[in-house]
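Here the structure comes first, spelled out in structure tokens, and everything after it is commentary.
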Amino acid sequence: MNAPLAKEALLAIQQAVTLGLESLRAEKPQTLSEWAAEHFLLAGESSHQKGGWVAWPFQIGIMDFMSDDRIEELAVKKSKRVGYTKMVTAFVCYNIAHRRRKQALWQPTDDDRDSYVKSEIEPLLDSETGVPAVRKARKLGGRVEETIKYKPFRDSVLHLLGGKAARAYRRITVAAAILDEWSAFDQTIEKSGDPGGLAKGRLEGASFPKFVGGSTPRIKGLCHVERACNDADAYLEYHIECPRCGIEHPLKWGGKEVLHGFKWEHGKPETVRHVCPHCHQSMTQADYLPGGVPLTGVWVCRKTGMRYGADRVWRDVHGVPCRPPRTVGVHIWTAYSPQRTWENIVDEFLKAYHTLQAGDAGPMTTFTNETLGETWELAGERSDEHALQARAEPYPLRIVPVGGLILTASVDVQRDRWEISVWAWARGLESWVVDHHIIYGNPANEADWEPVAEYLQRRYPQAWHGGSLGLSAINIDSADQTQSVYHWVRENQHRIPGLRAIRGDTNDNRPVVGPSSLQELNHRGRKIARGIKLWLVGVDAAKDLLLGQLAIEAPGPGYVHTSHELPREWYEQLTAEQRILTKANGKEVYKWVKRRPRNEVLDCRNYALHAALLLGLHRWTDDRWQQLEQAVQPPQDLFSTPAVAVPAPLMALQPAEPQRSDDSHSPEDIFSPISLY
């Protein structure tokens with residue numbers, strides 16, 4: 001080999017060795033906001049400007065949450081013009097060049113994925129003005145197989161996927177899972193699960209799993225990102241100091257019913273200002289953007305008061321440094337962005353409002369979702385809790401009212417309690433609520449189940465005469481604490497007749513009484529020789545039926561009787577959901593969505609109805625009902641008086657309850673004064 005060739009070969013070897021050793025070099029620890037300020041560049045194809053990244057103050061916190069390994073899940077509910085897609089792209093580059101971690105990013109459809117790759121990813125990888133740190137990490141050579149959905153790097157890999165099909169969530173293992181425009185994904189991916197859950201499943205086994213899901217919100221009750229923010233350990237808003245009084249507060253849209261928020265003179269959007277909720281003095285957008293740069297503020301949790309400020313330290317409500325929550329949600333909207341004037345925001349609102357008055361909700365929906373960053377609530381079919389409570393009847397709870405012939409119960413299992421509902425039934429599924437009770441405890445602790453067993457074996461006095469009724473069928477929900485429920489049901493079926501494990505199913509076509517299957521696992525998840533039967537409940541069909549039953553105005557078949565002893569909260573939970581018409585997979589379908597977070601009473605009603613249908617009450621003949629009426633509530637002679645209170649001898653049939661100094665219910669009763677929701 002001649003000298004020039006030898007020298008060239010030696011140089012190539014040196015370069016290869018240096019490149020190989022790069023993977024062993026430890027990077028200087030940096031948060032995403034620090035790394036992006038030094039390395040990230042804006043691509044002209046998708047930005048109004050090219051060049052280095054300069055983060056707005058509110059973006060710094062969001063980026064730091066993305067890169068903080070102590071935060072496993074981050075949900076970002078946002079409007080347009082807040083730079084979320086750019087922050088996500090910077091996070092992708094950070095994982096490639098700095099953290100060197102495998103990652104996957106899903107868009108709602110393949111077309112959305114293709115557009116994102118071409119406008120955001122490829123310019124950063126291939127153009128001369130791309131991110132040098134990312135180009136340096138690329139695999140080189142003719143044997144590298146790169147596609148639009150698969151980008152290999154020397155120490156990591158990037159999957160870019162559409163989120164429409166279940167197969168897009170299989171056969172990959174990553175350390176970071178990212179969903180862009182999360183709320184535009186289908187509610188359920190080909191009956192396999194929700195997109196967030198499927199994406200998180202790809203993180204199993206990762207040393208530092210990270211899930212990031214962000215979106216402009218959509219319809220209230222059907223919005224993935226709103227649900228995640230509400231469920232997060234911390235839900236943060238960005239607070240700034242009022243230039244007048246110095247007290248911090250978030251920017252709020254406000255409204256006619258409050259004195260703070262955005263205000264303007266009638267018909268003059270240019271007069272808009274933000275009124276402080278503390279001193280009620282005004283701040284203009286110029287005050288918020290001194291020198292064109294947004295005021296530096298602090299992220300504050302609306303639930304706990306935890307803070308993350310300019311010092312980049314998490315602090316508790318007392319100002320003491322602390323660990324961040326495991327799951328975090330943030331809300332940010334257009335008013336914080338320097339790219340949108342407040343005058344323009346007000347002008348958009350006024351035009352949308354006038355259009356709404358004319359009967360077209362489209363522009364107001366867009367304003368609410370994309371400018372305010374909030375969900376739009378559709379008006380749907382629902383029962384009115386006020387009207388329902390107004391027709392309540394003067395019968396006491398825990399006594400079977402006149403007309404009730406057979407009892408079923410349902411148990412909703414939560415992490416810290418059991419909620420038990422008892423309903424009485426008669427011809428045509430006419431029903432009476434007899435009891436709603438809560439028992440606090442830990443379902444994972446077998447000993448805590450004993451009060452539940454005792455309560456389900458109690459008998460209920462009848463108002464018509466001195467008899468009593470026990471429970472003929474009991475459904476217990478296994479959706480939460482699944483293995484504990486399976487174990488308890490299996491061990492107690494012999495002493496509690498009619499006990500069944502059930503699970504709600506939102507399949508659109510599922511009847512109330514769905515199929516059953518044998519579950520052959522014990523409470524430790526191990527196979528056993530003799531399992532239990534699990535029944536599926538078509539909860540949407542049950543809600544449809546209840547909606548119709550609550551509309552019946554006169555006692556008789558289908559009528560729902562309620563007691564005057566039930567508080568407003570019970571009625572609000574029974575009517576906590578509404579039925580709306582929406583689109584799914586290109587078809588118009590009805591969906592049940594929550595109007596408020598608590599709906600245990602509604603769930604219990606659905607499961608008690610399922611228990612009644614399993615008994616076949618809807619198929620009983622007149623002769624069979626007549627036989628039951630003769631046995632349970634026989635006619636009395638002319639000189640008899642119906643009982644309206646519990647006969648003294650029957651009090652022993654009820655479990656002993658702690659003595660109280662007043663006449664209120666027992667401490668375990670969820671509707672007692674000391675345990676209101």
Side-chain angles (χ1 to χ4, degrees), residues 221 380-385 387-389 391-393 401 403-412 419 421-434 436 472-477 479 498 500 502-516 535-563 566 570-582 588-596 599-621 625:
E381 300 176 81
R382 53 177 292 263
S383 301
D384 186 283
E385 66 271 22
L388 187 60
Q389 187 173 17
R391 77 181 198 193
E393 301 168 36
L405 302 175
I406 190 168
L407 303 182
T408 67
S410 58
V411 185
D412 185 29
E419 299 213 12
S421 281
V422 177
W423 287 79
W425 304 89
R427 294 173 186 256
L429 294 181
E430 185 176 6
S431 60
W432 292 257
V433 59
V434 175
H436 195 101
S472 295
I474 304 164
N475 279 351
I476 180 165
D477 182 26
R500 297 181 181 88
I502 56 95
R503 176 173 296 174
D505 186 355
T506 57
N507 186 316
D508 295 335
N509 300 316
R510 178 79 69 205
V512 178
V513 179
S516 62
W535 292 84
L536 293 183
V537 180
V539 291
D540 284 356
K543 294 169 190 174
D544 290 342
L545 177 59
L546 178 62
L547 182 66
Q549 290 176 328
L550 292 178
I552 299 173
E553 297 181 353
Y559 188 80
V560 178
H561 299 262
T562 63
S563 167
L566 294 165
W570 187 92
Y571 294 94
E572 290 180 347
Q573 287 197 25
L574 186 68
T575 60
E577 299 187 22
Q578 64 176 348
R579 190 174 72 161
I580 65 171
L581 185 63
T582 185
E588 287 192 339
V589 296
Y590 282 101
K591 290 283 187 183
W592 282 92
V593 300
K594 284 185 179 182
R595 297 170 45 251
R596 60 197 309 274
N599 68 341
E600 290 87 347
V601 170
L602 176 59
D603 287 342
C604 285
R605 162 70 189 200
N606 293 335
Y607 303 150
L609 170 67
H610 177 270
L613 296 183
L614 278 180
L615 292 174
L617 302 188
H618 57 305
R619 296 193 300 268
W620 282 14
T621 64
W625 279 114

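FYI, side chains are in, hydrogens and waters are out, and symmetry mates aren't considered; it's all heavy atoms of this structure. All values derive from a computational prediction rather than experimental measurement.
The two residues Trp432 and Ala426 make their nearest non-hydrogen contact at CZ3-CB, 3.6 Å. Ile552 approaches Arg391 most closely through the heavy-atom pair O-NH1, 3.1 Å. Looking at every heavy atom in both residues, Asn599 comes nearest to Ala576 through CB-CB, 3.8 Å.
Note: Leu545 CG to Leu429 CG = 7.0 Å, rounded to the nearest 0.5 Å. In this structure, the separation between CG on Asp412 and CD1 on Ile502 is 8.5 Å, given to the nearest 0.5 Å. Here Glu385 contributes atom CD and Leu574 contributes atom CG; the two are 10.0 Å apart, rounded to the nearest 0.5 Å.
When the salt bridge (charged side-chain N to carboxylate O under 4.0 Å, His left out) test is applied to Asp384, no partner is found at least two apart in sequence or on another chain. For Arg427, the side chain to side chain donor-acceptor pair (under 3.5 Å) partners two or more places apart in sequence, or in a different chain, are Asp622, Glu629. Applying the salt bridge (charged side-chain N to carboxylate O under 4.0 Å, His left out) rule to Glu572 yields the partners Arg596; only residues at least two apart in sequence or on another chain are considered. Among residues two or more places apart in sequence or in another chain, the side chain to side chain contact (heavy atoms under 4.5 Å, CB included) test is passed with Leu615 by Ile406, Thr408, Ser472, Ala473, Leu617. For Ser563, the side chain to side chain donor-acceptor pair (under 3.5 Å) criterion is met by no residue, not counting sequence neighbours.
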Q: List the steps and the verdict of side-chain contact (heavy atoms from CB on, under 4.5 Å) for Arg500 and Ile476.
A: CA-CA 6 Å; Arg500 297 181 181 88; Ile476 180 165; over 6 Å; no
Q | Derivation and outcome, side-chain contact (heavy atoms from CB on, under 4.5 Å), residues Tyr571 and Leu566 | A | CA-CA 8 Å; Tyr571 294 94; Leu566 294 165; 3.9 Å; yes
Q | Steps toward side-chain contact (heavy atoms from CB on, under 4.5 Å) verdict (Trp423, Val560) | A | CA-CA 10 Å; Trp423 287 79; Val560 178; 3.8 Å; yes
Q: Show your working on side-chain contact (heavy atoms from CB on, under 4.5 Å) between Ile580 and Val593 and close with a plain yes or no.
A: CA-CA 7 Å; Ile580 65 171; Val593 300; 4.1 Å; yes
**Q.** Derivation and outcome, salt bridge (charged side-chain N to carboxylate O under 4.0 Å, His left out), residues Arg510 and Asp540
**A.** CA-CA 8 Å; Arg510 178 79 69 205; Asp540 284 356; over 6 Å; no
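Shown are His436, Gln389, Glu600; of these, the side-chain contact (heavy atoms from CB on, under 4.5 Å) with Trp570 is made only by His436.
Relative orientation of the Trp625 and Trp620 rings is tilted, given thresholds of 30° and 60° on the angle between their planes.
A donor-acceptor pair is defined here as one N or O able to donate and one able to accept, closer than 3.5 Å; no such pair exists between the side chain of Glu430 and the backbone of Tyr559.
In this structure, Arg503 does not pair ionically with Asp477, as no charged nitrogen and carboxylate oxygen lie closer than 4.0 Å.
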Let me check something: any side-chain donor-acceptor pairs from residues 603-610 under 3.5 Å, sequence neighbours excluded? List them with distances.
residue	atom	partner	partner atom	Å
Arg605	NH1	Ser431	OG	2.9
Arg605	NH2	Gln549	OE1	2.8
Asn606	ND2	Leu602	O	3.3
His610	ND1	Asn475	ND2	2.8

